Structure formats: structure tokens, C-alpha cells
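First up is the structure itself, then whatever we jot down about it.
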Amino acid sequence: MASVFDDLNPAQRDAVSATQGPVLVLAGAGSGKTRVLTHRIAHLVLDQDVPAERILAITFTNKAAGEMRGRLEALLGAHAAGMWVATFHAMCARILRRDGERLGFTRSFTIYDADDSKRLLKQVLQAEGLDQQRFPPALFASRISSAKDELESPSAFEETHTDPAGAKVARVYRAYQRALLEANAMDFDDLLVHTYRLLEGHEDVLAHYQDRFEYVHVDEYQDTNHVQYRIVALLVGAHRNVMVVGDDDQSIYGWRGADVRNILEFEEDFPDARVIRLEQNYRSTQKILEVANYVVAHNEGRKPKTLWTANAEGESITRYHASDERDESQFVVAEVERLLREEHRSYSDFAVFYRTNAQSRVVENVFLRAGTPYQIVGSVKFFQRAEVKDALAYLRAIVNPADGVSLARIVNVPRRGIGKTTMSRVAEYASTHGLTLYEALEDAAGGDWLGTGPTRRIAAFVALMEDFRETDAATLKEQVESIVAGTGIVPALEAEDTLEARGRVENVMELIGQVEEFERDHPDATLEDFMEWASLRTDLDSLEMDERAVTLMTLHNAKGLEYPVVVVTGMEDSIFPHANVIDPAGLEEERRLCYVGITRARERLYLLHAAKRSLFGRPQFNAPSRFFKEMPEEHLVSKGTGSTAPLSRGYSRERSGAWEESFAAPRDEEGGRVFGSGEPRVAGSGSADGSAEDFGPGDRVRHKSFGEGDVVVVEGDKLAVDFDEGGLKTLLVGYAPIEKVV
DNA sequence: CATACCGCATACTGG
DNA sequence: ATGCGGTATG
């Protein structure tokens, strides 16, 4: 009979069987920690008859939660029902939905994302009479956020920060919290802080959850911050059945308040804790692992450990010296296409990592021109796109009338003649009369303190909102559909009649699709449930293995993932490690980030750096990352411009890279190049001139990787094609490998 | 009240 | 390089 202990190594087995009391699992990269967590939970349910609803598992991302839930369902079937597997934020939102009234919030409270909270903060700064030039909102936002991470209330902050600047922050912090409460809203940090306050201040609520969650698991423990730690401590206070899993070498969120000490000091907090080390890596080749180990060994504040593997030695790591960022990306494209041919890999085997989101643009352009399919994770998140946020803001304002940020956002979207002048008078009226923004609008609609034009338009808007609230739609999808239709967002976009506007219409439609999908997965869900889900969702969560695309993302987003081939770009001093974090602690965190990036690779690893890189439009010349010096040289093979010349000099020859010259590829007018990829390209291969005139709306086209689709719009050399599978894409005529289907 | 344009800060990492 | 916010203009 199959057992949860099958196929586990001794250390993993120890961890799975240690179900009572505090347990710290130090799990190196790729050492099977998810396996340990899921098998331990299965062990609790199957062998120790613990009801699933008594088990809590907290993960770092929704994606990780989904994966764990999937694996648990596979192990437990119907026995998995009722278990809480969630991120900290999702768990807290759920707890606050139930009992947030104790803190003065209704069940319909809104969750503000960074953008929303910054808008509110700006309102607060203005109300406090602080000039935004002299007092940048971002500074206040970050100070307030850190205070919340540390569970420092406005009053506590006031006491500890008596200097003029600190006092100013305290004042804004207090006003900001009051504004949030008045708006019946919480920012991301508040989800944690308010949950802590709720549990800490209400014995019955705490007892309920302590009793319910008899076994608590925390994944990625090295990335928990103080407030998260305190929530866990409260939850496990009674029974102390807690397993935390983490790796101090992968702590990369110190800037967000994550405290490595949580993991380093777990043994002090729980002196009777069992400590189990998982040091066998099942993911990477020996060479990749050794490079990673060498780098991270340069950190001082770490638990000494060495990850080992029984895997093959593997290929050497390729270090590529690019002349500039464009050359860097072109090398990636060429290597992707080469390995596709020579090693029969698929696009989804590849991941390209970078330190900052800003670096993705060049990579994207080069991939687009080469026709190499890619997907970007995390740049502009779907639910943060302006048009999607507009639609969501309607839903929020409908559900939560106190939500002034959402209301202000949509009152004139689409344009309905309620502009800045009118709204500032309404806001003024609201604050002098102690009303919410919506109440002031209602007042204005029936009053005479505004001109007849604005009054009439506001009355129409208020009537529209009331209409929305009285919907009798049978399903969530119908409800959202009718609201979106009522707003007139879509016709306004269609009237713009541009490529971009069409994309936006697509996104609004996609939002309705998301509602439908959500409703299918959660049949009894309310509009509030959907919005909560949407607020807590990130781009990473929807990351599917697209068989036909290379994945592009930041190093931070890469945590927890793995790919057969990994490319780390921008390995230059001041980019990675980043210039803003060169103090010793910051440097150690950058080194851990480097470690995380390297250990994502299963078989092949590329480390790239460019001699010249443009920042803010100005060229910068950065030395190769200092992390190269910390790697075992015998595992690295150098290619590119700098590999034949000393690195410190001689970068004037921008175009003389050996690799570049091996490609006798044609060039376009702007100096970009078109690369051969084995199969002949239909367009852009030099012979086919591929001008935009060859295509028109309605044409049927075939793309090398996207398959067939219909041309929607032609605009200059850009082509919008609606592919049968994969949806709308923008392609560059002359570069994208497309041909007309007759 | 909407649109056009100009100047300026911005771009480190995220639930 | 680009997007946002402020201001001039219609």
C-alpha cells in the first residue's frame, strides 16, 4: 500500500513524521520542501486522523498555495476539503471579512492596492497642507509601510519619532489611517496589522482560530516580517504545533520588512524546536549548484550549510560579455533558437531574469523583432491596468459607498462633464460638512450649491450608481456585465478607434471572463468575494506553463520556480548588485538574490552582462558584477566581446563581438538585426520585404509560433493580430515571422 | 471643462 | 526614454 513516506529521503521522512510541537525545516533550494509540507499534511490527515479543517498552511504566493492545494487533493482526495491553504494576505482578508466589524469595518471593506493607497495618501497630504514637491508621497508611503510591518501604531510612532520630520510622518500616518477607516478600506499592510489587532484584542476570536488551526505550517518563513511573525505566534500560542519551512539563504525581502532573524532565531523563540535540514538538491546539475554555493558562501550572517546533489555534473555555465543591452538580448534570442534546434527544447524551457522591471523593455523589443515568443510576468499586472481598474472601481464604489478613492476615480470615466473644478468643490463640501464623497454627490444632485449643468450631470451619475446597486442579475457574471455595460466605458474606448483602445476593450472583456471563471470555481461567491480575489491576485499566480513562450521576469518573481535553462541578465555592478543597496547588509541580500536566480536552473545557466547600458536615456558603463569574482572559474566559459580582451578597457569596438560576426544577418534601417533561426523566415528574412501594405484588416495570417489568426488593425508597421489560440498580439511587420494565408 | 503641450521626475525589488 | 502632472489655450 502506498504511504506518505514513500520516495522520501531520511531527512524528509523526519520532517514528515515530526507532527507535534515546533519544527524548523531548513530547506535548501530544490530540496523538496513542498513535498515535505504536503506529505506531512497528508500524514496528519490519513495516519493521525486530523480533520482537514484543523490544518492551516500559509504560503508566499497564491500560485504556491494553488500548487500545494492541487498536490494535497491528489494525495487526499475529498479528505482535503475544508483545509486552509492560503497566503498571509488572503488568510487575513478572510478573517477580517468575518470579524472586522469589531474594528469598525463592514464586511464590504475595500482592499486598496499600492496605487489606491498612494492616491489616498496624496489626498491626505493635501488636506494636511503639505506640499508634494517638498514632501514626496512615496517617502511617507514607505515610512508608514515600514511602521506597519513593525506593528508600530500612529501613537507609538509619534512617541518614538519626535524629530520634526518624524513628527510629520506621524501626523500623516494618523490622518491616513483615519481616512482609510472612513473609506471602509484597508491597504495591504493593514490586512496584516488589523488581523493582529483583532486576534490580540479579542479573546474569543483568538480562541476560535487557535482551536480551529491545531496544526500550522508556514512556507518561505525567511520572508515573513514582524507582524506576520506575531500573527503566527498568536495562532500557535495554545498548542505550539507549528512547522516553519525556509532557507535563510533565500531571504530577499528585507526591504519589505522581512526579518531573517525570524528564521535564525526560531530556535530561541521555541527552545524545544526540532531542527531538520534538507540539504540534498534534486533540481540542478553539480556545476550549477557549486556556483550557487560559492556565491552565497561569501555571506557572513548565515547558517553554515552546503547543498549537494546526486545529479550529473552538467554543462559549464556560460558567461556572456555583451557590448550593450541590445546585444545582450540578441544573444539570448540566438541561444534560445540554437538550443531549440540542437537540443530539441521548447520555448517554455527558458526563463530570463533581470534585477529591475525597467530592463524588460529591451528584452521584449528584441524578442518581438526576432519573433521569439515570450511572456512577461509581473510588469503591468492585469488587474492594475487602468481600464480594468476603472471597471473594478465601479464595482468597489457600488459595494462600498464610503470608498472615496474608487469613486473619485470613476466619477468622470468615461467623460461625463464632471471635471476637476466640480469635484474639488464637492470634496470641499464633503469635508466641511463631514460627509463622504458620495454623500456630498447625493447632496449636490438635489441641491443648488453648484451650477445647473454640473448639478444635472451629478444627478445623472448618482442615479446611475443607484441603478447599479439595485441590480437583480441572477449570476455574478450578469451583474458585472450589466454594470460594465451601464458605465459606457467600452463605447468610449471604441470611439477612440486606436490599436491601444482596442486592446483596452479586450482587457475589459477579459475582466468579465475572469468573473465567469471565478464564479465557476466558486459557485456561491458574492461580488465582494470576487473583488477580494482580484485585489490579492498577482501576475505570478496566473503563470501557466505556456508551451510556446520564454518566460521573462524579475529575480524576485523567480523565487519558488524552476526552469531547465535560466538566463540571468544585467550582471553588472550598480545593476546587480544594485547601486542603491551597497551597504553590507544590502549587498548580502543582493547575493542571496543571485543565489535564488542561479538555483532556479536545472540544466543550463547563462550569466550575462553588458559593457554599456542606457539608463534614463544616458549611457552608463558598469563593471561586471562583483559576484563573478565569487564564482569557481573552472565552471564558467566566457563568450562575447570581453572574453578575448581585458574587461577594463577596449569597449570602444561596439560591433566587433566575435559572436555577432558569426551572423551574416541583414540589418534594418534602425540598426537592429534580424537573426536566422534554422527555418527560413517568411517575413523579415531579407528576401521578403514585408511592408505594412501587404496586410489589411480581415486578412488571415500564419505566425511561426502563434499559429493562425486574423489581422484586426494595421497601424504604421504595427499589426494587431487576433490569433485563434493566444488572442490578440501586436507584431512588427518586417520582423515577425508571419505570412498571409490565402 | 477638455485638449495640447511642456517640463520634470522617474526606474530597485512586491503582497 | 517615457509617463505623469501642471499649465496654457480653445
Side-chain angles (χ1 to χ4, degrees), chain A residues 58-65 86-93 111-119 122 132-133 136-138 141-142 145 148-149 186-193 220 223-225 227-228 251-258 325 353-362 365 377-381 383-384 386 411-412 414-425 450-451 453-454 457 532-541 553-559 570 574-582 586 589-590 592-594 596-597 613-620:
Chain A
I58 304 171
T59 60
F60 193 71
T61 63
N62 293 305
K63 181 181 160 63
T87 62
F88 266 106
H89 290 84
M91 173 185 81
C92 291
I111 300 169
Y112 280 175
D113 67 15
D115 178 63
D116 303 318
S117 44
K118 197 158 278 178
R119 282 165 190 257
K122 283 182 181 173
Q132 297 193 12
Q133 295 296 315
S142 118
S145 180
K148 290 182 181 181
D149 288 342
M186 304 182 191
D187 65 21
F188 276 118
D189 301 316
D190 284 344
L191 290 173
L192 305 170
V193 172
E220 307 284 12
D223 288 324
T224 53
N225 58 30
V227 57
Q228 290 170 329
S251 169
I252 55 175
Y253 286 97
W255 51 276
R256 203 168 79 187
E325 64 265 49
F353 302 149
Y354 33 80
R355 177 63 175 79
T356 69
N357 279 309
Q359 289 164 248
S360 71
R361 178 164 283 137
V362 179
N365 281 339
V377 175
S379 52
V380 184
K381 297 163 177 71
F383 287 106
Q384 313 217 133
V411 70
N412 202 29
R415 300 262 135 84
R416 47 172 73 94
I418 309 174
K420 265 184 290 196
T421 318
T422 305
M423 280 313 284
S424 63
R425 291 192 60 187
L450 289 173
R457 292 191 285 263
E532 177 178 312
W533 176 82
S535 302
L536 298 177
R537 211 172 153 68
T538 69
D539 224 29
L540 197 61
D541 303 329
M553 66 175 102
T554 62
L555 284 152
H556 282 86
N557 267 331
K559 197 180 60 157
S574 87
I575 299 287
F576 189 34
H578 197 273
N580 294 1
V581 281
I582 42 149
E589 182 151 313
E590 295 288 293
R592 292 192 291 269
L593 190 57
C594 185
V596 166
R613 185 179 298 274
S614 290
L615 231 70
F616 293 109
R618 297 259 159 268
Q620 310 263 310

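Quick note on labels: first sequence line is chain A, next is B, and so on, each numbered from 1. In this text, all values refer to a predicted model and were calculated from it rather than measured experimentally.
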Take A/Gln228 and A/Ile58 through the side chain to side chain contact (heavy atoms under 4.5 Å, CB included) test and state the conclusion after the steps. CA-CA 10 Å; A/Gln228 290 170 329; A/Ile58 304 171; over 6 Å; no
Taking the C1' atom of each, how far is B/dC12 from C/dG5, in whole Å? 23 Å
Show me, range against range, the stems involving DNA chain B, built from at least 3 consecutive Watson-Crick or G-U pairs below 3.5 Å. B:1-10 with C:1-10
Measuring only between side-chain heavy atoms, which start at C-beta, is A/His556 closer than 4.5 Å to A/Ile252? yes
Heavy atoms under 4.0 Å is the rule here; annotate nucleotides 7-15 of chain B 5' to 3' with B where the base is hit, S where only the sugar-phosphate is, and - elsewhere. ---BBBBBB
Classify A/Asn412 by what it touches in the nucleic acid, base, sugar-phosphate, or nothing, heavy-atom distance under 4.0 Å. sugar-phosphate
By the 4.0 Å heavy-atom rule, please label A/Lys559 as base, sugar-phosphate, or nothing. nothing
Check the pair A/Lys148 / A/Asp190 against salt bridge (Lys or Arg N to Asp or Glu O under 4.0 Å), numbers first and verdict last. CA-CA 7 Å; A/Lys148 290 182 181 181; A/Asp190 284 344; 2.8 Å; yes
Taking any heavy-atom pair under 4.0 Å as a contact, classify A/Arg618: base, sugar-phosphate, or nothing. nothing
What residues, two or more places apart in sequence or in another chain, satisfy ring-ring contact (aromatic ring centres under 6.0 Å, His included) together with A/Phe576? A/Phe627
Would a 4.5 Å heavy-atom cut-off, applied to side chains only, mark A/Thr224 and A/Tyr253 as touching? no
How long is the gap from OG on A/Ser142 to CG on A/Asp149, to the nearest 0.5 Å? 10.0 Å
Between C1' on C/dA1 and CD on A/Gln359, what's the gap in Å once rounded to a whole number? 15 Å
Separation between the P atoms of B/dA11 and C/dG6, rounded to whole Å: 16 Å
Go through it in stages, so that I can follow the logic: the residues are A/Leu593 and A/Arg355, the test is side chain to side chain contact (heavy atoms under 4.5 Å, CB included), and I'd like the CA-CA distance, side-chain angles, deciding distance and then a yes or no. CA-CA 9 Å; A/Leu593 190 57; A/Arg355 177 63 175 79; 3.6 Å; yes
Is the shortest side-chain N/O distance from A/Lys420 to OP1 or OP2 of C/dG5 below 4.0 Å? no
Rounded to the nearest 0.5 Å, how far does CZ of A/Arg256 lie from CG of A/Asp223? 7.0 Å
